[in-house]
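Comments concern the structure below.
Every chain is numbered from 1 and lettered A, B, ... according to where its sequence line falls, protein lines coming before strand lines.
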Amino acid sequence: MERQINRIAHNIWEIPQTGKMRVPGRIYASEELMQVLRNDASLDQIANVAQLPGITGFSFGMPDIHWGYGFPIGGVAATDIETGVISPGGVGYDINCGVRLIRTNLYADEVYPKIKSLVAAVFSAVPSGVGSHNAIKKLNLSDIRKILTHGAGWSVENGFGMENDLNFIEDRGCLESANPDVISPRAIERGLSQMGTLGSGNHFIEISKITDIYDDIAARTMNLDIGKIVIQIHTGSRGLGYQVCDDFIKVTLQASRKYDIEIPDRQLSCAPLTSPEGKDYLAAMRASANFAFSNRQVIHSLIEHAFIQSFNISPLELGFRCVWDIAHNIAKIEEHDYKGIKKKYCVHRKGATRAFGPGYSELPSNYKTIGQPVLIPGDMGTESYVCVGTEKAMVETFGSSCHGAGRLLSRSQAKKKGAGINLFKELEKSGVFVMSEEKSTIAEEMPFAYKNVTQVVNTLHEIGIIRKVARLVPLGVIKG
Amino acid sequence: MLQKQKRVYELFDHTSDLGVIVKGRSLVELFQNSAVAVFDIMSGSVSSGNSAMLSINLRAENPELLLRDWLAELIFLSNDQKILFNAFHFQKLDRHSLEAEAVGVAYSSDYFPVKKEIKAVTYHQLRVQHSKSGYTARFILDI
């Protein structure tokens, strides 16, 4: 059944508040993107999320929204920390799945002739694919406790990257009040051998060139120049995060009943933020997020070494620096001024990126004037965008933006469409060299499986939620 | 040793993940077929061999949650113990509890048959239905 959706303004749509919804749904989409969405299950999921206690403003859908489980992918919900809930389903299994962008001094002209050997070197340095493990020596329990409390700081202390990298990670790569004691032994066990690994599915490492600059000042501030090589890392908290989510959905299913919270979908099970169950999940989720920050920092360092060896140059000549590292599966306690009242909210971003505007204390001093970098990877055959958050995002979306292109086709539809095509060769013809441990997943991740990332980004750029800074085009990709 | 076997399940489209529908003439067959589906998706084939065996005891509020926990437990044990399960024997299975043995082959980095990672068995649209012809389960895997 088609849901009632009202067009509110250019690229803004609303699902009216009906039934048990506590707030309306708000979707950011162009006319073209909305055509695809009209019969999509993600609209029902927006309406379901709108039923969560304490939800404020709207249940949001970003332009890359698609059907997930519980929350839609591309969903944002801010809940009042006094009256509201936290939901593990609003973060997902891959806690702090996110993206890191790294800049280099290298130009595409000098890298492209060596792209195959460079991709092979990175592929060899960073274990990828199902069950990838042993990138670094196996951690012991003491290591993992430090990782869960210190995040990327542990990686730097242990020789993976530089202290300055931490300045360019959301929350300096460490969420406070993380508690390893509320993480199950099973989750710890799953994390012990997976530090520094990419994993599988839609995780990737991409070597790209900067082809367009839309905002000179912001690009200069981020040290991004046309023709230069940048690297994106997309991964998260691996098996540790999956287990924490699984463990706590059981806890919150009980809690939903205990606190008499009616939920329209078991995957939206939740607990009041003030309850012991809610506090424990928040502390466990933060610890898992720290594992993910640490993981991306280790991978950063492994890739840097692969580049240094491949080009036989010094670290100084390479200029491998973290531009920004963002979480796009997370719940964070943030202060927002909503309708003139400054309060703290728990902002769930499930497949959505924080997009704070200029001036906020959460930003490093270098980025205070331009706003927070927002990294929006596309699919592996087309392009990605670097943007910045705006004051309008603070006013409208609790400082949130889209996180990628968003899937258009299911995996089986994508495989059907890719049948009979040598996808590696097709990508190579278009200038992208791809390596993957598991060949069959390539079809699932082909460009045709995703929405047009430029349409997605432009939807928010046109209405001022984000501002485009640079466009990146892939040269080499490692798919998990 | 891996071999293709007749599918005991169907996939349904889910944009980001993988939907699975399984049928069984009895609850035991439903749970067995659901487990076979999961390991077929993970490896692309069903392994034969019985070099490893683990016992599993679970309790849950209803058959839906019991099925989810059963599959989640098998996935965890498979990852943790590096076993690809292929046969499932129930000593006991009712609407609230099970006692079973899962049998399979051990694997290592030299012999690594797992092709697809299953992050989790989600609760979204999780169903177990009983009709005259038997049982049907529907679940979505996060991959």
Answer whether the closest heavy-atom distance between the side chains of A:R238 and B:E117 falls below 4.5 Å. yes

Chain A contact residues among residues 68-83 of chain B, heavy-atom distance under 4.5 Å: B:R68, B:D69, B:A72, B:E73, B:F76, B:N79, B:D80

Given side chains that start at C-beta, do those of A:Q267 and B:Q125 come closer than 4.5 Å, heavy atoms only? no

With a 4.5 Å cut-off on side-chain heavy atoms, are A:Q45 and B:H124 touching? yes

Is the shortest heavy-atom distance from the side chain of A:D40 to the side chain of B:T15 under 4.5 Å? yes

Hey, could you give me the NE2/OG distance between B:H14 and A:S412, rounded to the nearest 0.5 Å? 11.5 Å

Quick check on the interface: out of A:I73, A:I249, A:L408, who has the most heavy-atom pairs with chain B under 4.5 Å? A:I249

Within residues 16-30 of chain B, the residues sitting under 4.5 Å from chain A by heavy atom, in sequence order, are B:S16, B:D17

Would you indicate whether the side-chain heavy atoms of A:L268 and B:Y123 approach each other to under 4.5 Å? no

Taking side chain as everything from C-beta outward and backbone as N, CA, C, O, which of these in B:L65 sits under 4.5 Å from a heavy atom of chain A? Side chain, backbone, both or neither. side chain

Ranking A:E444, A:E189, A:K250 by heavy-atom pairs under 4.5 Å to chain B gives rank one to A:K250

Residues, nucleotides or ligands: over 12 heavy atoms within 6.0 Å of A:Q35 CD: yes

Rounded distance [0.5 Å steps], NZ in A:K415 versus CG in B:L11: 9.0 Å

Looking only at heavy atoms, the pair that brings B:L126 and A:R266 closest together is O-NH2, 3.4 Å

Taking 4.5 Å as the heavy-atom cut-off, does anything in residues 134-142 of chain B contact chain A, and if so which residues? B:I140, B:D142

When rounded to the nearest 0.5 Å, the distance separating NZ of B:K119 from OH of A:Y93 is 11.0 Å

What residues of residues 192-200 of chain A sit under 4.5 Å from chain B when you count only heavy atoms? A:S200

According to the interplanar angle, ranging from 0 to 90°, do the rings of B:F12 and A:W67 count as parallel (below 30°), tilted (30 to 60°) or perpendicular (above 60°)? tilted

